[in-house]
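Presented below is the structure to which this report refers.
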Number of protein chains: 4
Amino acid sequence: MSPRGGQPKMVQQGRETRGALLDAAATVVHRAGYAGANIRAIAAEAGVAVGTIFRHYPNKAALLAAVVERETVPVLEALGDLPGRAGTCTVAGNLVEVMTTLALLQEVLLPFELAFLTDPELAAQRRQLMDSKADLPGVPTQLAQYLAAEQTLGRVRTDIPARHCAHVLLATMFGLAANPTSEGPSLPSAVAMFVEGIAPDRDIPTPG
Amino acid sequence: MSPRGGQPKMVQQGRETRGALLDAAATVVHRAGYAGANIRAIAAEAGVAVGTIFRHYPNKAALLAAVVERETVPVLEALGDLPGRAGTCTVAGNLVEVMTTLALLQEVLLPFELAFLTDPELAAQRRQLMDSKADLPGVPTQLAQYLAAEQTLGRVRTDIPARHCAHVLLATMFGLAANPTSEGPSLPSAVAMFVEGIAPDRDIPTPG
Amino acid sequence: MSPRGGQPKMVQQGRETRGALLDAAATVVHRAGYAGANIRAIAAEAGVAVGTIFRHYPNKAALLAAVVERETVPVLEALGDLPGRAGTCTVAGNLVEVMTTLALLQEVLLPFELAFLTDPELAAQRRQLMDSKADLPGVPTQLAQYLAAEQTLGRVRTDIPARHCAHVLLATMFGLAANPTSEGPSLPSAVAMFVEGIAPDRDIPTPG
Amino acid sequence: MSPRGGQPKMVQQGRETRGALLDAAATVVHRAGYAGANIRAIAAEAGVAVGTIFRHYPNKAALLAAVVERETVPVLEALGDLPGRAGTCTVAGNLVEVMTTLALLQEVLLPFELAFLTDPELAAQRRQLMDSKADLPGVPTQLAQYLAAEQTLGRVRTDIPARHCAHVLLATMFGLAANPTSEGPSLPSAVAMFVEGIAPDRDIPTPG
DNA sequence: AATGAATGAGGTTTCATTCAT
DNA sequence: CATGAATGAAACCTCATTCAT
């Protein structure tokens with residue numbers, strides 16, 4: 001009769017709730033897309049009440065932004081040494097490794113990226129977030145630095161700006177992730193095509 | 001209870017309204033994204049009453065689908081002879097031309113593409129539309145046929161399936177269109193990179 | 001280009017249109033119920049433009065009221081001599097005949113009756129219509145007068161007011177018409193049950 | 001953009017709201033008919049916000065169906081022993097009692113019944129509801145069983161199928177409820193007329 | 001007299017957010 | 001901290017009615 005509504009439900013407290021919410025949000029976004037990810041679905045998935053979400057995040061956007069951050073930051077940190085890898089192994093090998101990592105990230109983040117692109121209002125919010133995390137260099141920058149280093153080493157042709165190369169490679173990866181088909185090539189073979197395109201002139205490639 | 005009618009307003013009639021609605025819808029989608037494109041905004045942009053939209057299209061989705069169709073169909077038709085261009089001019093030139101055309105289309109269509117990717121329900125609708133227009137072969141198919149023809153002519157390396165090449169190129173274009181930056185290369189130079197990647201072995205191409 | 005929109009369509013003119021509209025309205029109401037009978041459906045059924053309806057009737061309610069009137073008036077007129085039939089044939093026979101006539105009318109009118117009962121606003125309009133046609137005595141009145149006459153003749157028990165009898169009989173007919181089932185009795189047998197109930201004491205009825 | 005919230009308003013909680021909504025819906029339907037019962041009017045009558053309704057019922061139809069159920073179920077249950085009453089008291093007395101109960105129910109339910117009859121789409125929904133409550137035998141069935149039992153006991157004439165009798169009696173009650181007039185007989189006297197009609201032949205009833 | 005495109009109020013429903021408990 | 005009922009703005013869509021042609 002009283003509106004108290006059942007037992008306290010023995011939910012995980014504090015910190016743990018935050019984690020559960022991020023997991024739940026990621027799950028729901030993955031399942032239903034950004035637009036279909038409503039607060040109720042996320043709360044249900046996390047096993048908490050709707051109001052709880054607003055105790056941890058000021059609004060829906062902040063929750064979803066937190067998901068992005070949680071997934072992105074470790075990847076960015078892991079990529080921190082990318083420029084230093086120049087000259088090691090093969091260019092193709094390095095790029096495939098990086099792209100594989102990014103593809104895994106993309107698996108979670110793609111719906112968010114799409115939403116940022118879809119909704120100008122959201123994009124503005126994202127930019128703020130990015131600025132506040134400006135201490136970590138972004139993926140494009142890392143990749144460009146790596147490629148520039150490889151250019152210095154003669155393992156990448158020098159007549160194309162490294163930033164352009166990085167941008168094209170990332171665009172390709174994004175495009176492939178966004179339009180998944182059975183028609184498309186595997187990630188390594190796509191990278192291979194790209195590497196062919198940026199290889200130094202074949203006359204000289206492996207100087208004796 | 002009685003429809004007052006408001007100002008005379010010099011309303012455009014019939015056919016013209018349909019065009020105005022398509023223009024308005026495209027404008028609003030461009031400005032606010034697919035999700036932000038609501039019926040009222042479109043009606044206001046077109047300078048008509050909300051109800052008018054539903055005289056011409058059974059629902060919002062149909063209106064937006066009509067925008068996609070109006071923009072897409074002429075492009076698809078213009079691309080109809082693409083496979084036949086194999087062997088003419090240069091591979092790079094042909095691809096730049098096609099990609100330039102598609103980039104213009106993308107300018108209008110990108111928000112729609114993103115929405116299709118974002119919202120599973122929408123994607124289903126799009127597939128229906130595409131199936132009903134199945135007489136026109138899609139862009140990926142055209143491009144793949146063209147590349148296959150060039151392979152036969154020895155102007156494109158044959159160790160990569162033509163469908164894969166087409167897919168990668170389109171993915172790159174999509175990725176570049178979706179993430180516009182000052183950092184990125186111009187469209188022709190991006191295509192150039194791709195062409196390098198699919199060129200036949202350099203030992204042979206320029207004999208003599 | 002001009003909004004003239006095709007040829008004049010060679011529609012039936014003036015008077016005929018009115019009849020076509022009444023037919024169409026009756027058809028649509030029968031098919032979809034009063035609530036489902038919208039102006040567009042009626043116009044389509046009649047093969048005229050929406051605007052045409054409003055040239056003949058000030059609003060939707062007036063059109064539907066006209067349908068009721070067209071169907072009802074001849075029936076009322078045909079029933080005009082009902083009280084005079086007292087003493088002729090048998091009571092049961094007379095009632096079955098009248099009820100059969102009314103049942104046919106009901107076939108068309110039931111959705112309207114239900115709507116009048118459903119929508120208080122509509123009921124008010126109906127009352128106005130009825131008042132304006134007050135020169136024709138209504139069915140309940142006719143029937144009551146007939147039964148009163150039969151009471152005088154000793155062919156109907158006198159301990160029940162004739163108006164009550166009439167009301168009950170009509171209520172039964174309405175109820176049967178409104179809830180059509182395979183479970184129910186035929187119209188004549190229902191009337192027979194009623195006649196048994198109003199028959200004078202059985203000791204006397206069929207005097208040797 | 002931010003929900004201002006308005007006055008505190010001392011809102012009733014949980015369960016109570018559901019009851020208030022059912023009451024409000026019944027009131028509005030009674031006042032304005034089924035068609036005139038819109039969500040906003042019901043919310044206003046209940047003193048809650050529009051959105052509140054949809055926290056408790058998935059849609060308008062479900063709310064109204066809940067009204068029907070709340071009113072109907074106890075009546076059906078109370079009628080469960082009807083067939084067992086055969087032979088007790090008098091036939092007329094038993095029927096008057098039952099009909100009085102049903103008349104009270106009808107007072108609330110009539111607009112719904114009419115709507116079901118008016119709108120084919122609604123009727124389909126009702127049938128589903130009825131099927132899900134199929135464990136409770138409907139009123140017609142109960143009544144028919146009772147009358148059949150009385151036939152066996154010789155208190156009702158046997159030359160009319162009991163189902164027909166039941167159907168006619170209910171039709172009469174429905175008809176009387178639907179067309180309330182000062183002209184009509186009281187419920188007991190209407191039942192009395194019916195009972196006369198189904199009484200066994202007078203020659204035998206009071207043997208002795 | 002007929003047309004039918006345009007109108008806009010009003011219908012149901014969704015959902016981010018608040019707040020009393 | 002957690003709860004979840006309540007909120008109400010805003011979305012899409014319907015339809016009786018008007019009016020320029």
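Side-chain atoms are counted along with the backbone in the values below, which use heavy atoms only and exclude waters and symmetry mates. For clarity, every value in this text was computed on a predicted model and none was experimentally measured. Residue numbers begin at 1 in each chain, while the letters A, B, ... track the order of the sequences.
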Round to a whole Å and report the spacing from CG of C:Leu63 to C1' of F:dT17. 14 Å

Once you round it to whole Å, what is the distance between C1' of E:dG11 and CZ of B:Phe54? 13 Å

Heavy-atom nearest nucleotide on DNA chain E for B:Ile53 versus A:Ala35: which residue maps closer to 5'? B:Ile53

List the atom of D:Val108, the atom of D:Pro111, and the distance in Å for their closest heavy-atom pair. O-CD, 3.4 Å

I want to check one thing: is the phosphate of F:dA2, taken as OP1 and OP2, less than 4.0 Å away from some side-chain N or O of A:His56? yes

So which heavy atom on B:Leu64 is nearest to which on B:Ala25, and how close? CD2-CB, 4.0 Å

For B:Asp23 and B:Arg70, run salt bridge (charged side-chain N to carboxylate O under 4.0 Å, His left out): C-alpha distance rounded to whole Å, both residues' side-chain angles, the deciding distance at 0.1 Å, then the answer. CA-CA 10 Å; B:Asp23 290 343; B:Arg70 185 182 67 164; 2.8 Å; yes

Ignoring backbone atoms, establish whether A:Thr52 has a side-chain N or O less than 4.0 Å from OP1 or OP2 of F:dC1. no

Minimum heavy-atom distance between D:Val68 and D:Leu109, given as atom pair plus value: CA-CD1, 4.1 Å

The answer to which of D:Gly51 and B:Asn38 contacts DNA chain F further toward the 5' end, by nearest nucleotide, is D:Gly51

Measuring to OP1 and OP2 of E:dA5, would you say a side-chain N or O of B:Arg55 lies under 4.0 angstrom away? yes

Taking CD1 from B:Ile42 and P from E:dA6, how many angstroms apart are they, rounded to a whole number? 16 Å

Where DNA chain F forms stems, i.e. three or more consecutive Watson-Crick or G-U pairs with both distances under 3.5 Å: E:2-21 with F:2-21

Nearest heavy atoms of C:Asn38 and C:Lys60, plus distance in Å: CA-NZ, 4.3 Å

How are the rings of B:Tyr34 and B:Phe116 set to each other: parallel, tilted or perpendicular (split at 30° and 60°)? tilted

Given atom OH of A:Tyr34 and atom C1' of E:dA16, what is their separation to the nearest angstrom? 12 Å

Please report, rounded to the nearest Å, how far the P atom of E:dA16 is from the OH atom of A:Tyr57. 17 Å

Rounded to whole Å, NZ of D:Lys60 lies from P of F:dC12 at a distance of 21 Å

Among F:dA16, F:dA11, F:dA6, find the nucleotide with the atom closest to the side chain of B:Arg40. F:dA11

How many Å lie between CD on B:Glu16 and C1' on E:dG4, as a whole number? 15 Å

Proximal nucleotide (of E:dA2, F:dT3, F:dT17) relative to the A:Val48 side chain: F:dT3

What is the distance, to the nearest angstrom, from the CG atom on D:Asn59 to the P atom on E:dG11? 17 Å

Closest to the B:Thr17 side chain, choosing from F:dT14, E:dA5, E:dG4: E:dA5

May I ask you to say what B:Ile39 touches in the nucleic acid, namely base, sugar-phosphate or nothing, with a heavy-atom cut-off under 4.0 Å? sugar-phosphate

Which sits closer to the 5' end of DNA chain F, D:Val50 or B:Ala37, going by the nucleotide each is nearest to? D:Val50

Heavy atoms of B:Leu122 and B:Ala115 approach each other most closely as CD2-CB, 3.8 Å

Pick from B:Ile42, B:Thr17, B:Val67: which one makes a side chain to side chain contact (heavy atoms under 4.5 Å, CB included) with B:Leu22? B:Val67

